Amino acid sequence: MADPALTPMMQQYREMKARDPDALLLFRMGDFYEMFGEDAVRASALLGIAVTTRDKDKEGAVPMAGFPHQALETYLAKIVQAGQRAAVCDQVEDARQAKGLVKRDVVRVVSPGTLTDEALLDPRSANYLAAVVESGSKMGLAWVELSTGRFSLTSLLRTELADELARLNPAETLASELALDAPWLRALRSQQQHVVTTRPSWDFQVEQARKTLFEQFGVATVEGFGVDDRSPEIQAAGALVAYLRETQKSSLGHIARLTPYRRADVLALDETTRRSLELTRTLREGKREGSLLQVIDHTATPMGARLLGEYVASPLTSPELIEARLAAVEELYQDSGLRADLRHALGEAYDLERLAARAATGRATPRDLGALARTLALLPKVKARLAARRSRRLAELEEALELCPEVRAAIESALVDDPPLSIKEGGLIRPGCHEELDRLRSASKDGKAWIARYQSEQIRRTGIGGLKVGFNNVFGYYIEISHAQAQRGEVPADYIRKQTVKNAERYYTPELKEFENEVRNADERANALEYELFTTLRDRVSADAPRLIQAGSAMAQVDVLSALAELAAKQGYCRPEVVAEPVFEVEAGRHPVLDAILPRGEFVPNDTVLTPDRGDLLLITGPNMAGKSTYIRQVALMAILAQIGSFVPAKRARIGVVDRLFARVGATDELSRGQSTFMVEMTETANILNNATRQSLVILDEIGRGTSTFDGVSLAWAITEHLHDSVGCRALFATHYHELVELEKTKPRLRNANVAVGESQGEIVFLHRIAPGGADQSYGIHVARLAGVPSPVLDRAREILAFLEKQHGPDPGLPEPEGPIRRKVKSGRALQTSLFAALPDPLLTELRNVDLDALPPDQALDLLRRLRELAG
Ligand code: ADP
């Protein structure tokens, strides 16, 4: 394969590149990482670095681009943020000792889903690597977080895949190269933010996958983890492990358990619902700031923040499990001293899970191990404070909180108190810990005393007061004398000139040279020994990684429960009663985000009652900006809060668990996806109608808005009927189709509500108070009056309104498909003109309505005057 035209180094490069052609190969050359050929061009666009060539004049010269090695982390971050993979190829032998070409090897492959470095990860969010495989009628899905060792898997239907991936939001997803044409994979790849990495189909084959997993977990079957040995998720899990092994080139000892995941245990939330409710990101800007997660997050550790993110992404459905969390939150809520102590201790903790995982993947720095030991040192206090707690959950956590004292002792006895970041430059290991190291160090330290002595001796000998003995990395030790003094001819004959610098001459003596060899050797040997001692220590910690991660996970749970208690105390939340029946009864409920953002007391609380006997479908009419969507979202968010085991922003709450929550609020950003708003809206509505159950909760905002008025009303009408008659779930609709108000007459479980609007000093005031009954239709005319629209126009508007109400105001059973207006018009615009055309003359209308027999003479005169006015 060797190409004689290539230099040996380029040959080496080619070999490395061929191992993983898709990854950007960062090839270490001296102090730089270089990329060649197509990689250089790709890197230049991605990283904004210049492309050059080595041999500018030669035709077909290979393009190259590079950056200084110190900037590696920064550029790696850019590469993974762009969804790409990079292979870091280092010099693996000392260039000074190399015979011929220095040996190089790929020491790590960094991809979006396999990050462990602190600098590349967001400490407060999980970073998943997922794998998907199609097997018969099922899909296998597995996901792992390399930086904490969590590994889960499940099988699902093809239609369920998108929702699960929306829940996990993986940084990278693996799929078999054979699946490239599968529609689900094409759909995944078309999503911009979704990074898909294709892998050999071999990795996904059942037998191969089983073998990989058995090796990883040291078992002969995975059934012990509660996973069927031949299920499709095994194939996905096997492919994950194979990829990690290939890219990490390190032990994966911290991945010690497989956790099967059951969809039924988790409240189902599709992608639109997650986005509509702004659970972890805002709808418009996609920021964490302003999301539910951000406002409720009072965690003290990054581990806790990640776990809370997981809670919000996957609320529970079992009332027992929810109650268990709630009981723990309540205990911490009531005992503010306990809460403060725990939060204080946790506030000092570092990210135990990720530190342990870094130890296990051989990436922990001395500083990491120092942080790990300091975190372990906090555990006894946390554990002691958790002792003898009432709630079962806290008692369990107390037990799960392993102190790992041996790991702590091993680190504390070996590592200095404030260890450096680098492992290669010494200064990590505590004195008195290793005899040989102490000896080498004292040789080096004695050396320093020797220099001081040597310097004063030389000053005495030469009589040159400014003489200095110094050191630099290139020239080693030297004696420095200023030019002026040197020129006076006072330099002894045994000084050998070494270097001339700006104002001085530098010399050495045979004595100094000999000393240098000794000291340098001792230093180098000491550093090498420290390095060795450190890696032994890291291996020691790595062996306990699963236990450390378990302790970290227990800390995270304590943190989340205390944070939820803190939130409840700060924001005045109440403990919800979580029940199995499909009810939702809340007194004085608030929107958790607005409540936290608005000045205290400004948010107007509202009650919500949805029960099978008092009605569980609420239709809210009212003008724009009245607070309809806020109200319906607040109901959905309270259900989510309750089901993650949090208190809720209300005075009192009784909430029946929801199995699936559907939210369709606002269609702001759909157009950019190239589908019409209305098509998107209907696809999502179809999803709701097909999947909602009696136990679900549906919130819909302005459904049918994307089409003409009559289409819209008819669809909204039929959808409401279907949900009422066939699904029978709890639902809240916000609409400004007043026609729907009529449904209340025939649908026993549907109730109307409106948002109260008042007037103060000639201005409309939104009271944000939900009141029973449909909204006042003439609100728009009301606003027009306040705005100074002339009264004849307003009067005319009222007449038209009255006519419209009469003409097609929905009787029960309407809208009538063949009504007169329907026949004439196709779009809302056409509707306007045709309606006006169809209107009778108000003069005639008024005349016809006059009851001459019952008209007293004075009123007759009034009437005449009005008719005269109308006639203009
Ligand atoms: P709609 O859906 O009726 O158009 P929104 O729900 O979007 O109205 O509410 C409009 C604005 O009114 C919100 O941005 C918020 O600032 C304010 N608002 C809504 N509900 C309340 C409330 N209960 N208390 C205080 N302010 C509210």
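Both ligands and their constituent atoms are indexed starting at 1 by order of listing. This is a predicted model, so every value here is computed, not measured. FYI, side chains are in, hydrogens and waters are out, and symmetry mates aren't considered; it's all heavy atoms of this structure.
- In this structure, Arg664 fails the cation-pi test against Phe733, since its NZ or CZ atom is not both closer than 6.0 Å to the six-membered ring centre and inside 45 degrees of the ring normal.
- On a distance-only criterion, Lys628 and ligand 1 share at least one N/O pair closer than 3.5 Å.
- The distance from ligand 1 to the heavy atoms of Glu602 drops below 4.0 Å at these ligand atoms: 25 (C).
- Side-chain contact between Glu721 and Leu743 is present, with heavy atoms from C-beta onward closer than 4.5 Å.
- Contact check on Arg652 versus Glu577 returns no salt bridge, with no Lys/Arg side-chain nitrogen under 4.0 Å from an Asp/Glu carboxylate oxygen.
- Summary of contacts: the protein heavy atom closest to atom 15 (C) of ligand 1 is Leu594 CD1, 3.9 Å.
- For ligand 1, the atoms lying closer than 4.0 Å to a non-hydrogen atom of Phe603 are 21 (C), 22 (C), 23 (N), 24 (N), 25 (C).
- Of the possible polar contacts, one joining the Arg751 side chain to the Val609 backbone as a donor-acceptor pair under 3.5 Å is found.
- Nearest non-hydrogen protein atom to atom 2 (O) of ligand 1 is Ser629 OG, 2.6 Å.
- In this structure, Pro605 has no heavy atom closer than 4.0 Å to ligand 1.
- When side chains are defined from C-beta on, Asn606 counts as touching Arg769, because their heavy atoms get closer than 4.5 Å.
- Atom 25 (C) of ligand 1 has its closest protein heavy atom at His768 CD2, 3.5 Å.
- At a cut-off of 3.5 Å, with distance as the only test, no side-chain donor of Arg730 or Ser696 sits close to an acceptor on the other residue.
- Residue Pro623 has at least one heavy-atom neighbour below 4.0 Å for each of these atoms of ligand 1: 3 (O).
- The shortest separation from a heavy atom of Ala626 to ligand 1 is under 4.0 Å, placing the residue in contact.
- Remark: ligand 1 and Met625 share an N or O pair separated by less than 3.5 Å (distance only, no angle test).
- Within the 4.0 Å cut-off (strictly below), a protein heavy atom is located near atom 23 (N) of ligand 1.
- Residues Ser391 and Glu331 bring a donor and an acceptor atom of their side chains to less than 3.5 Å of each other.
- Near Gly627, the atoms of ligand 1 lying under 4.0 angstrom from a non-hydrogen atom of the residue are 1 (P), 3 (O), 5 (P), 6 (O), 8 (O), 9 (O), 19 (C), 20 (N).
- Under the 3.5 Å distance criterion, with hydrogens and angles disregarded, a donor-acceptor pair is assigned to the side chains of Arg393 and Gln557.
- Proximity of a side-chain donor or acceptor of Thr317 to a complementary backbone N or O of Asp265 within less than 3.5 Å is detected.
- Given atom 5 (P) of ligand 1, the protein heavy atom at minimum distance is Thr630 OG1, 3.5 Å.
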